[in-house]
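Inspection log for the structure reproduced underneath, given as structure tokens.
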Amino acid sequence: MQLTFEPVTADRWKDFETLFGQRGACAGCWCMFWRQTGKEYKQNKGTANKRAIKKIILSGEIPGLLAYDGDEPVAWCSVGPRERYSRLMRSRTLKPIDDQPVWSIVCLYVKKSRRDQGVGTQMLGAASEYAASQGVAIIEGYPNEPKNKWADAFLYTGTASAFRKAGFKKVAQPSPTRLIMRKQLNK
């Protein structure tokens, strides 16, 4: 599968909406989980979250990348400065490990029919290239490393194996199944 990767801009809103479908990728999230408090997220699930991410995209902010197989959107990756993700900034488990400025990958969504085909790993590589093109020196993610099989819905931050394949290294393990992984860019 030959994929192409594009930043999500206003002219790609329809592709983003198509990929996320009626359910907003997962239970009305619309990739707003990391951008809101827990209370805001619960109140906004569904349509309000869809409006919120659309407002971000239409404002000119690039909240992430889409992967395409031809003209079909098949995957999404939320990537940007850590400061954009208010829940991440307040997290005790995923607190910064140092004072280095980083970009974060907080969500990796692959269309069900394209899972287990290496799309996630390719998306992580594309996110790294995009961050490097923006002058970023360090990109990090917060993947899971489950001990047993987990439902796909719970792997929205990606898997440690995909991050490893994309060149990321473990820098911390704040819980038994959660890692903080980094990749140095612009060397």
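Model, not experiment: these values are computed from the prediction.
Nearest approach of A166 to G125, heavy atoms of both residues: CB-N, 4.3 Å. In terms of heavy-atom proximity, A52 sits nearest to M32 at CB-CE, 3.6 Å. A10 approaches L58 most closely through the heavy-atom pair CB-CD2, 3.6 Å. In terms of heavy atoms, Y41 sits closest to Q36 at CA-OE1, 3.0 Å. Of all heavy-atom pairs between A127 and I139, the closest is O-CD1, 3.8 Å. A pairwise comparison of heavy atoms in L65 and M123 identifies O-CE, 3.6 Å as the closest pair.
Criterion: ILVMFWY side-chain heavy atoms under 4.5 Å apart, direct or through other members. Under it, Y130 and L185 are part of a common hydrophobic cluster. I97 and I138 are members of different hydrophobic clusters when ILVMFWY side chains are connected at heavy-atom separations under 4.5 Å. With hydrophobic clusters built from ILVMFWY side chains whose heavy atoms lie under 4.5 angstrom apart, V79 does not share a cluster with M89. L108 and V102 sit in two unconnected hydrophobic clusters of ILVMFWY residues. Membership requires side-chain heavy atoms under 4.5 Å apart, directly or through other members. Hydrophobic clustering (side-chain heavy atoms under 4.5 Å, transitive across Ile, Leu, Val, Met, Phe, Trp, Tyr) groups F5 together with I62.
The aromatic rings of F16 and W76 sit perpendicular to each other, their planes meeting at more than 60°, with 30° as the lower class boundary. By the 30° and 60° cut-offs, the orientation of the rings of W30 relative to F20 is parallel.
Contact of the P143 side chain with the T159 side chain is not registered, since no non-hydrogen atoms from C-beta on lie closer than 4.5 Å. Contact of the R182 side chain with the D98 side chain is registered, since non-hydrogen atoms from C-beta on lie closer than 4.5 Å. The side-chain heavy atoms of L179 and F168, taken from C-beta on, include no pair separated by under 4.5 Å.
Tested against S104, the residues Y142, Y85, W34 include a single side chain to side chain donor-acceptor pair (under 3.5 Å) partner, Y142. E140 pairs in a side chain to side chain donor-acceptor pair (under 3.5 Å) with only one of the listed residues (Q100, K183, R82), which is R82.
Evaluation of the side chain to side chain contact (heavy atoms under 4.5 Å, CB included) rule for E129 yields no partner, not counting sequence neighbours.
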Between T37 and R90, is the side chain to side chain contact (heavy atoms under 4.5 Å, CB included) condition met? List the steps. CA-CA 9 Å; T37 66; R90 292 186 314 277; 3.6 Å; yes
What do the steps show when you test R164 against M181 for side chain to side chain contact (heavy atoms under 4.5 Å, CB included), and what is the final call? CA-CA 8 Å; R164 281 187 198 96; M181 299 183 79; 3.6 Å; yes
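In this structure, the separation between OH on Y68 and CD on Q2 is 16.0 Å, given to the nearest 0.5 Å. Rounded to the nearest 0.5 angstrom, R12 CZ and T18 OG1 are separated by 12.5 Å. In this structure, E6 CD and L66 CG are separated by 8.5 Å, a value rounded to the nearest 0.5 Å. Remark: E72 CD to L19 CG distance equals 9.0 Å, nearest 0.5 Å. Separation of atoms CD1 (I53) and CD1 (I57) is listed at 5.0 Å; rounding is to 0.5 Å. How far CG of N49 is from NZ of K42: 13.5 Å, rounded to the nearest 0.5 Å.
A salt bridge between D69 and K111 is absent, with no side-chain N of the basic residue lying under 4.0 Å from a carboxylate O of the acidic one. Salt-bridge formation is detected for the pair K50/E17: a Lys NZ or Arg NE/NH1/NH2 atom is positioned less than 4.0 Å from an Asp or Glu carboxylate oxygen.
A donor-acceptor pair under 3.5 Å is formed between the side chain of R87 and the backbone N or O of F33. At least one donor-acceptor pair closer than 3.5 Å links the side chain of Q173 to the backbone N or O of P176. Of the possible donor and acceptor atoms, one in the side chain of S86 sits under 3.5 Å from a partner among the backbone N and O of R35. With S91 contributing its side chain and L88 its backbone, the two residues share no donor-acceptor pair below 3.5 Å.
Few gaps surround CG on D11; more than 12 heavy atoms of other groups in view lie less than 6.0 Å from it.
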